[in-house]
Amino acid sequence: MAVALDNPSNFMTTRLRQAVNWGRKYSLWPLPFGTACCAIEFMSTVSSYNDISRFGAEAVRFSPRQSDLLLVAGTISYKQVPILKTIYAQMCEPKWVISMGACASTGGFYNNYSTLQGIDKIIPVDYYVAGCPPTPENLLSALVSLQDRVQNEGLVPSAERHQQVIR
Amino acid sequence: MSQKLVDSLKSEFGDKIVSVNNSCGDESVLVPGDSLPAVLKYLKESESCEQLTDVIGVDYPERTERFEVNYLLRSIANKSRINVKVAVEEGMDIPTVSDIYKSANWAEREVFDLYGVKFRNHPDLRRILCHHEFEGHALRKDYPIEQGQFLSTPEKLIDDIEYHGGAFRADEVEGEDNPFDLLNVNIGPSHPATHGALRIEVQLDGETIVKAKSEIGYLHRCFEKEAEDHTWSQVMPYTDRLNYVSSMLNNCIYASSVEKLLGVEVPQRAQIIRVIVSELSRIIDHLVCICANLVDIGALTNYWYFYNIREGIYYDIIEPLCGSRLTTNFARIGGLSHDLFDGFEDAVEKHLQKMEVAIKEVTGLIARNRIFLDRTVDVGVLTTDEALSYGYTGPCLRATGLDYDVRKHAPYSGYEDYKFDVPIGENGDTRDRIMVRMEEMYQSASIIRQGIQKLTPGPIALDNASVSLPPKESVYGSIEGVMNQFKLISEGIKVPAGEAYGYGEGANGELGFFCVSDGTGQPHRLKVRPPCFPIFSAFDEIIEGLMIADAIAILGSINIIAGELDR
Ligand code: SF4
């Protein structure tokens, strides 16, 4: 298939960063780290009524090595901590994290001996979704906000973020 | 009904029975620790108490014999129950009864984990809910609720055996039972097929499971400790998150358990609405269980069929009714939070009809489907006796052919006035468990329709100032109303001292709340008897000898909900 090189309308100029991020933002592959009630609402978000594939994030992968969006949905107990840390470490760059629901974000109304008081104590978080549980609409809205953010990030976004965390 | 059991025990054991007590109609006998196995054996063999419902620890720091362990026993054949108690001093141990009832194995581990009571000769006395690096015993009254403890490395479940870096069969090694042939595989706690935070470590010979060991506690959210830290009414939202797929059922059963201890009965209309929403929840639970189970065996289409019905019920009925989809917080001690909305009946009827169509469609897709039958018939079989010994209740027990249903056996909330059948299976295999649930949805729909017929206008909460909140007009319009509201909210409902075990038919089986009150506004002890816990304790035994893919199908069919399993 030949492209007429002399026709200007066959070309578009953009910056590499924007082209790459445009691709990234519409193909987020979520890994649902669902432990509790919030995971049920995630199931609703994926199923046909709310249909997350309208936003390009329907390729749900349960292997951390294949996914780039970690969706922590549910209460994280201290017993889960080493597992969540491992899963996050196993994901390849670039990667983003959504903390879905009150429990994952702050411990929710479980302030006790076995509940981690927010996953940001162990891994960096990009978006917190409020609610107990957040409705599927809330989650979709967080996804869209995250996409905006992905669009405006650098080429190696999470490496930059890690530096911030370390600092 | 239990008086006969007490008399029989008295004549058999004479002065070994330290004391007999009756609280809210529940009989209990206190026996010395050393005679416990003899008493339980006698009850099982001579009085046909087939089931040990639960083992419950209670801490009374002011007593010398600080811990009290309650063994709730049930005879399904004679429709009777009894509670055998043992008092234990700090540092002393009591004999295990796990050789008499298999359900005691995990239940005793839980008491050991949370209270530190030791069970002599227990086959595997490890922690079960808290992690293995945890220090102290969390449910003791002197353990501070907020004192969290980090875990550094997960526990190893099956001792490392040597294996050839992932090769199933190392050809150079001969012999059938050679450990070189076995491969350790860890499933979970973050695995799509476990539907929640469970972990199973299996030893495989090819694809056959030689040995399995499961671990729970990944979603331990300290429901019971939180309950002791809140007032009786504040516990209600916590019950939503036990079995979060059918939270209305938990709400209603919790409320009726506390009402049993209070000795009050809610108005007729509230009872009927409770039945209706409970059955709606049961339908939702069964829909989710079956569709997720079918996904596990590769039948994805059914998932969309069933999940859409559930979404419709959530959006059109549950959300208008209580303002939230999942965490409903609908019942109140003494009644309900609010009345039905206009058009409730029509919305329900519309969705019940859709549900019936969906069930027909799904049944059409699977009932004679070769793949489905190959994967489920005669797979994961449990006999009735084993199921009873493990403490099974609900659809999983009924699938083995026994028609035990709390709604028929010990009716509550007026279930005796409804006509419905209790579907049972034949073999107790995966298919039976799925099909029993399918049929139960039809029955629930019929109960809901009967309930709607029965609805008459009336109050939805008890007219009792010491239990129900006053109406808002009175709170804003009179000083008594303000005072009443303030006292109920800040001090909680004053539940008279005593203990009671209230239970009902949850979606997965018998859901019970063992409530101990010391007369203040907060529970002294609130133990949940989750149906999943005993069911999952049998999982290792069921799957040993089967293929690993079957294990996944079985796990889906016994419907383990981590929120209620780990509490
Ligand atoms: S935030 Fe609420 S709904 Fe989500 S896991 Fe926590 S308790 Fe459950």
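Throughout, a chain's letter reflects where its sequence line sits, starting with A, and its residues are numbered from 1.
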Write out, in numerical order, the residues from residues 301-319 of chain B with a heavy atom short of 4.5 Å from a heavy atom in chain A.
Y303(B), W304(B), Y307(B), N308(B), R310(B), E311(B), Y315(B)
I40(A), part contacting chain B, at a heavy-atom distance under 4.5 Å:
both
Other residues, nucleotides and ligands only: do more than 12 of their heavy atoms fall within 6.0 Å of CZ on R15(A)?
no
Do R325(B) and S44(A) come within less than 4.5 Å of each other through their side chains, counting heavy atoms only?
yes
Proximal component of T115(A), with respect to chain B [non-hydrogen, under 4.5 Å]
side chain
Decide whether R221(B) and T75(A) meet the rule of one side-chain donor and one side-chain acceptor closer than 3.5 Å.
yes
Looking at A562(B), S324(B), P189(B), which has the largest count of heavy-atom pairs under 4.5 Å with chain A?
P189(B)
Is it the side chain or the backbone of I561(B) that comes within 4.5 Å of chain A heavy atoms, both, or neither?
neither
What class does the angle between the rings of Y238(B) and F109(A) fall in, given that below 30° is parallel, 30 to 60° is tilted and above 60° is perpendicular?
parallel
Is any side-chain heavy atom of K225(B) closer than 4.5 Å to one of S114(A)?
no
When only pairs under 4.5 Å are counted, which of S63(A), P133(A), C132(A), C37(A) shares the most heavy-atom pairs with chain B?
C37(A)
Relative to chain A, which of A292(B), C222(B), G563(B), S247(B) shows the most heavy atom pairs under 4.5 Å?
C222(B)
Note, Y113(A) side chain near C130(B) side chain (heavy atom, < 4.5 Å):
yes
Assert top hit (heavy-atom pairs under 4.5 Å, partner chain A, pool V288(B), D240(B), I145(B)) equals I145(B)
Using non-hydrogen atoms only, which part of I76(A) is less than 4.5 Å away from chain B: side chain, backbone, both, or neither?
neither
Tell me, for L84(A) versus chain B, whether the close heavy atoms (under 4.5 Å) come from the side chain, the backbone, both or neither.
neither
What part of A36(A) lies closer than 4.5 angstrom to a heavy atom of chain B: side chain, backbone, both or neither?
both
Taking the side chain as everything from C-beta on, heavy atoms only, tell me whether S77(A) gets closer than 4.5 Å to L219(B).
no
Go through N50(A), N112(A), I87(A), T86(A) and name the one with the most non-hydrogen pairs under 4.5 angstrom from chain B.
N112(A)
Go through the side-chain N and O atoms of H220(B) and Y110(A) and say whether any donor and acceptor fall under 3.5 Å apart.
no
Winner by heavy-atom pair count (cut-off under 4.5 Å) against chain B, out of T35(A), V81(A), N111(A)
N111(A)
Strictly below 4.0 Å, N to O, side chains only: are K79(A) and E215(B) in salt-bridge contact?
yes
